[in-house]
Amino acid sequence: WTADAIRLRKSITYNFSRYFNRGGRMSHKKIEKHWGKDTFHHPTIMGDQEVAEHWDKNATYYAKAVREKHDLYRELINNPAFFELLGEVNNLRMLDVGCGEGTTTRMLADRGAKVTGIDLSEKMIELAKQHDAKESCGIQYALTSGSDLSQFESETFDAAVSTMGMMDMADYAACVKEVYRVLKPSGFFQFSILHPCFFTHAFKWILDKEGKRDGLVTGDYFSLDIDSETTPVDQWFFSGTSHEERENHSPLQVPRFPKTLSQYFNVLTQTGFVVENLKEPFADEKVIIKHPEIADSRVISYFLIFRCRKCF
């Protein structure tokens, strides 16, 4: 694909969420040549225990980076869009699935929600509790996987959320079924993920004459789904991480469980959810003027937000 071809393709296709709300494979050698050999690891398929071990190792640096707002795409794009779609949550009993060190959980509590945060990383839950002990928000935390909510009775929560966690679940389908079970009738589930159509296992930015990101080539969309023989582990830093910090810290290592858009969608509807809204957020012009480093969020959608409801 050339930059001109991608521009033409964008000009004649619908934005997916707008449409919905209205009613050659790249080899691993080529990936390594572009990204570097250490960008992707290929261990065997992981379960919750192995995923938890990765996040325990990530926890200290991750918590520091998130609390210092190093994740510019999350702070300036995903979070504003997520909470705009979320709406009023005062006095709702809410479950935060994959709460990590508790940033989103605290944001919900600050808006008046009665929140329980769950995560499979013992270290993440420990950091969340330590923060809450200093600035008590009345949050309850529990160490468990999203695919095992057996400690909660059925129809316990008014709503459930997950910010940037569902693509990291070893068993997405089991998590969706458990969330459905613990929601009250008419309760809603809202979650954000990396956009599965763009952030595939093999992708490459196309640059214009000025070196700015102008388009994206993607690959391996179908070949690395949940039934694949390996679990890829991405290594990365947050966008706002300084050069000095990158030199002094190892990158985050995050297991990924790639799924297609239809896999995400069909599991929800087959479980019984009605998908009410999809949102593909991007930075507005005022934000880009102040933070030109996230201008590529207007080239492709980094995030996809699902809003669905339990109707029975």
Spell out, as yes or no, whether a donor-acceptor pair under 3.5 Å connects the side chain of [X] to the backbone of [Y].
{"X": "Thr271", "Y": "Phe273", "value": "no"}
{"X": "Thr200", "Y": "Thr218", "value": "no"}
{"X": "Glu178", "Y": "Leu149", "value": "yes"}
{"X": "Asp132", "Y": "Ala128", "value": "no"}
{"X": "Asp119", "Y": "Gly100", "value": "yes"}
{"X": "Ser192", "Y": "Met164", "value": "yes"}
{"X": "Ser297", "Y": "Ala283", "value": "yes"}
{"X": "Arg309", "Y": "Ser186", "value": "yes"}
{"X": "His54", "Y": "Glu50", "value": "yes"}

Let me see the working for Met166 and Val176 under side chain to side chain contact (heavy atoms under 4.5 Å, CB included), right down to the final yes or no.
CA-CA 9 Å; Met166 296 300 288; Val176 170; 4.1 Å; yes

Who pairs with [X] by side chain to side chain donor-acceptor pair (under 3.5 Å), at least two apart in sequence or on another chain?
{"X": "Tyr180", "value": "none"}
{"X": "Asp168", "value": "Arg256"}
{"X": "Asp110", "value": "none"}

Atom pair [atom1] ([X]) and [atom2] ([Y]), whose distance is rounded to the nearest 0.5 Å:
{"X": "Ile139", "Y": "Lys114", "atom1": "CD1", "atom2": "NZ", "answer": "14.0 Å"}
{"X": "Ile193", "Y": "Leu304", "atom1": "CD1", "atom2": "CG", "answer": "5.0 Å"}
{"X": "Asn79", "Y": "Thr103", "atom1": "CG", "atom2": "OG1", "answer": "8.5 Å"}
{"X": "Leu183", "Y": "Cys311", "atom1": "CG", "atom2": "SG", "answer": "11.0 Å"}
{"X": "Cys197", "Y": "Ile300", "atom1": "SG", "atom2": "CD1", "answer": "10.5 Å"}

Supply the members, apart from Ile288, of the Ile/Leu/Val/Met/Phe/Trp/Tyr cluster built from side-chain contacts under 4.5 Å; use none for a lone residue.
none

Mind checking who shares a hydrophobic cluster with Val115, ILVMFWY linked at side-chain heavy-atom distances under 4.5 Å?
Phe82, Phe83, Leu85, Leu86, Val89, Leu92, Met94, Met107, Leu108, Val161, Phe188, Ile305

Taking only residues at least two apart or on different chains, which pairs with a member in residues 136-160 satisfy ring-ring contact (aromatic ring centres under 6.0 Å, His included)?
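The answer is Phe152-Phe157.
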
[X]: what forms a side-chain contact (heavy atoms from CB on, under 4.5 Å) with it, not counting sequence neighbours?
{"X": "Glu84", "value": "Lys279"}
{"X": "Glu155", "value": "Lys184, Pro185, Lys310"}
{"X": "Thr269", "value": "Phe265, Asn266, Val275"}
{"X": "Ala52", "value": "Leu120"}

Are Val179 and Leu268 co-members of a hydrophobic cluster defined by side-chain heavy atoms under 4.5 Å apart?
yes

Could you tell me whether Phe199 and Tyr302 have their ring centroids closer than 6.0 angstrom?
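Ring centres of Tyr302 and Phe199 closer than 6.0 Å.
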
Any luck finding a side-chain donor-acceptor pair between His195 and Glu280 under 3.5 Å?
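There is such a pair (donor and acceptor under 3.5 Å, judged by atom type) between the side chains of His195 and Glu280.
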
If you count heavy atoms of other groups shown closer than 6.0 angstrom to CD of Glu122, is the number above 12?
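No, not enclosed.
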
Inspect the surroundings of CD in Glu88 and state if more than 12 heavy atoms from other residues, nucleotides or ligands are less than 6.0 Å away.
yes

Would you call the rings of Phe191 and Phe189 parallel, tilted or perpendicular, taking 30° and 60° as the class edges?
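Tilted, since the angle between the ring planes falls between 30° and 60°.
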
How are the rings of Tyr62 and Trp55 set to each other: parallel, tilted or perpendicular (split at 30° and 60°)?
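The rings of Tyr62 and Trp55 stand perpendicular, inter-plane angle above 60°.
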
Those residues that, when tested against Phe237, pass ring pair (Phe, Tyr, Trp, His ring centres under 6.0 Å) (two or more places apart):
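For Phe237, no residue satisfies ring pair (Phe, Tyr, Trp, His ring centres under 6.0 Å) once neighbours in sequence are set aside.
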
Can you name the residues that form a ring pair (Phe, Tyr, Trp, His ring centres under 6.0 Å) with Tyr264, not counting sequence neighbours?
Tyr172

Yes or no on side-chain hydrogen bond (donor to acceptor under 3.5 Å, both in side chains) for Glu245 and Ser242, after CA distance, side-chain angles and deciding distance?
CA-CA 5 Å; Glu245 286 178 305; Ser242 68; 3.3 Å; yes

Is any side-chain N of the basic residue among Glu126 and Lys129 closer than 4.0 Å to the acidic one's carboxylate O?
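No, Glu126 and Lys129 are not salt-bridged.
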
Residues Val233, Met46; criterion side chain to side chain contact (heavy atoms under 4.5 Å, CB included); working and verdict
CA-CA 10 Å; Val233 179; Met46 294 185 191; 3.5 Å; yes

